[in-house]
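FYI, side chains are in, hydrogens and waters are out, and symmetry mates aren't considered; it's all heavy atoms of this structure. Sequence lines set the chain letters: A, B, ... in the order given, protein chains first and strands last, and positions in each chain run from 1.
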There are 2 protein chains.
Amino acid sequence: MREIDQPSYHHGNLKRVIIDAALQAIGESGPAGWSLRELARRAGVSHAAPAHHFGDKQGLLTAVAAEGFALFADALERATADVWEVGVAYVRFAIDHRPYFEVMFRPELYRADDPSIQSAHERAAGVLITSARALSPSPEHDRMTTLAAWSLVHGFTSLWLSGALPESTDGDPEALARSMIRLVLGALR
Amino acid sequence: MREIDQPSYHHGNLKRVIIDAALQAIGESGPAGWSLRELARRAGVSHAAPAHHFGDKQGLLTAVAAEGFALFADALERATADVWEVGVAYVRFAIDHRPYFEVMFRPELYRADDPSIQSAHERAAGVLITSARALSPSPEHDRMTTLAAWSLVHGFTSLWLSGALPESTDGDPEALARSMIRLVLGALR
DNA sequence: GTGCCATCTTGTCAATGTCAAGATAGGGTG
DNA sequence: CACCCTATCTTGACATTGACAAGATGGCAC
């Protein structure tokens, strides 16, 4: 009796299949509440197939985080036409791609020094810094404006995702975030 | 050969010993990177002793979170004399009691519906809401001011703890947070 | 003194992450 | 076309972990 129905070697895009399965598992049970073996079971492969491609669990999460940062940078870049919307895009990405986001900002889960992470991370940080500069009242406030804007948006996102906000149950996070961002950053300059 | 040198039954404050060991372990390996058995080993008790007092791992983390919210509420209350300092106290607590904080805002790790959690949580939320009201320009802005202030402070804290801020390596988080809070919330009213 | 029961230990089990070794297939080389 | 070679995937094994069940201990009420 074989455990796998049809051991199909070289079926190609197993890496993608496993990452997708991981994203779904993270979405259901959080970034640490799933197992590699259950993942393999769902993907229809043997229990050690993930380890072959990603080395270990940290390796898989490193791949997830790297892909996440790249998608994140893309999403932020698409919003740069209207500077005010970059913060909204931040929130929207976190909610629309929650599994990515939850891994990305938990660096103890993956290898943050991996080159694939660093490049995507720098790109995302670049968009944030550029956008914040456009909102800053004067050049010497650039650093503080960046810090404040990032903190504001990231805090809203974290609280929303963790369910700490009373508005989390119903309500539209995007609209709420937009109001908050315009109010606070509008007052700043 | 016995595993435990001197099986000391009824030695009393084992609950405290285990919680303290858990806090230390969380500080070293994050809120999910430790094991109950390793904990028991360090505390000098058998591998199942923790389970007896706390039911399971979630139960232990529930106790940690409850204690954390109580200490958190205490710390915030002590700062209410100067409303601006409540936010700073938020940041200081998170950094000085990082293990508590990291568990508290990860509700999937514990039983958030536990009564011991709820009461302490409500007390902390009360202080935050009251303080934010004092900073609000007008009553109809109360809700938005609370949301903005909380997001700002929580975001700063999360980013600092995760090491995402360039300032995380050196720098004084408390002073930086104080500047940011005064700048942003000062502009709001 | 005797029974009771909270406290803690010991034993056990399935599940998990990781490593090592084997099986398969497709592509390049002669 | 035969050969082998390597990436891909499987199978097998092992230590560790969380959880449960059953046993041992000792203080306390009566």
So, OP1 or OP2 of D:dT10: does either fall under 4.0 Å of a side-chain N or O from A:His47?
no
By the 4.0 Å heavy-atom rule, please label A:Ala49 as base, sugar-phosphate, or nothing.
base
As a test of reading the structure: which of C:dT7, D:dC9, C:dT16 is closest to the side chain of B:His53, going by heavy atoms?
C:dT7
OP1 or OP2 of C:dC8 versus the side-chain N and O atoms of B:Ser46: is any pair under 4.0 Å?
no
Reading DNA chain C from 5' onward, which residue's closest nucleotide shows up sooner: A:Asp56 or B:His52?
B:His52
Between P on D:dA19 and NZ on B:Lys57, what's the gap in Å once rounded to a whole number?
8 Å
Between D:dA19 atom P and B:Leu61 atom CG, what is the distance in whole Å?
10 Å
Closest heavy-atom contact between B:Gln118 and B:Ala112?
NE2-O, 3.6 Å
I need the B:Trp160 CH2 to B:Leu176 CG distance, nearest 0.5 Å.
6.0 Å
Test salt bridge (charged side-chain N to carboxylate O under 4.0 Å, His left out) on A:Arg106 and A:Glu102; report intermediate values, then the result.
CA-CA 7 Å; A:Arg106 215 159 293 177; A:Glu102 285 185 338; 5.4 Å; no
Per atom distances to the A:Leu36 side chain, the nearest of C:dT18, D:dA19, D:dT10 is C:dT18
Please give, in whole Å, the distance from C:dG17 C1' to A:Trp34 CH2?
11 Å
How many Å lie between CG on B:Leu14 and P on C:dA6, as a whole number?
16 Å
OP1 or OP2 of D:dT11 versus the side-chain N and O atoms of A:Arg37: is any pair under 4.0 Å?
no
So if you build clusters from Ile, Leu, Val, Met, Phe, Trp, Tyr with side-chain heavy-atom gaps below 4.5 Å, do A:Leu183 and A:Val91 land together?
yes
How many whole angstroms separate atom CZ of B:Phe54 from atom C1' of D:dC20?
18 Å
Whole-Å distance between D:dT8 C1' and A:Ile18 CD1?
11 Å
5'-most contact on DNA chain D (nearest-nucleotide basis), B:Glu38 vs B:Ala51, goes to B:Glu38
Take atom CZ of B:Arg143 as the centre, draw a 6.0 Å sphere, and report whether it contains more than 12 heavy atoms from other residues, nucleotides or ligands.
no
Could you tell me whether B:Ala48 contacts a base, only the sugar-phosphate backbone, or nothing, with contacts defined as non-hydrogen atoms closer than 4.0 Å?
base
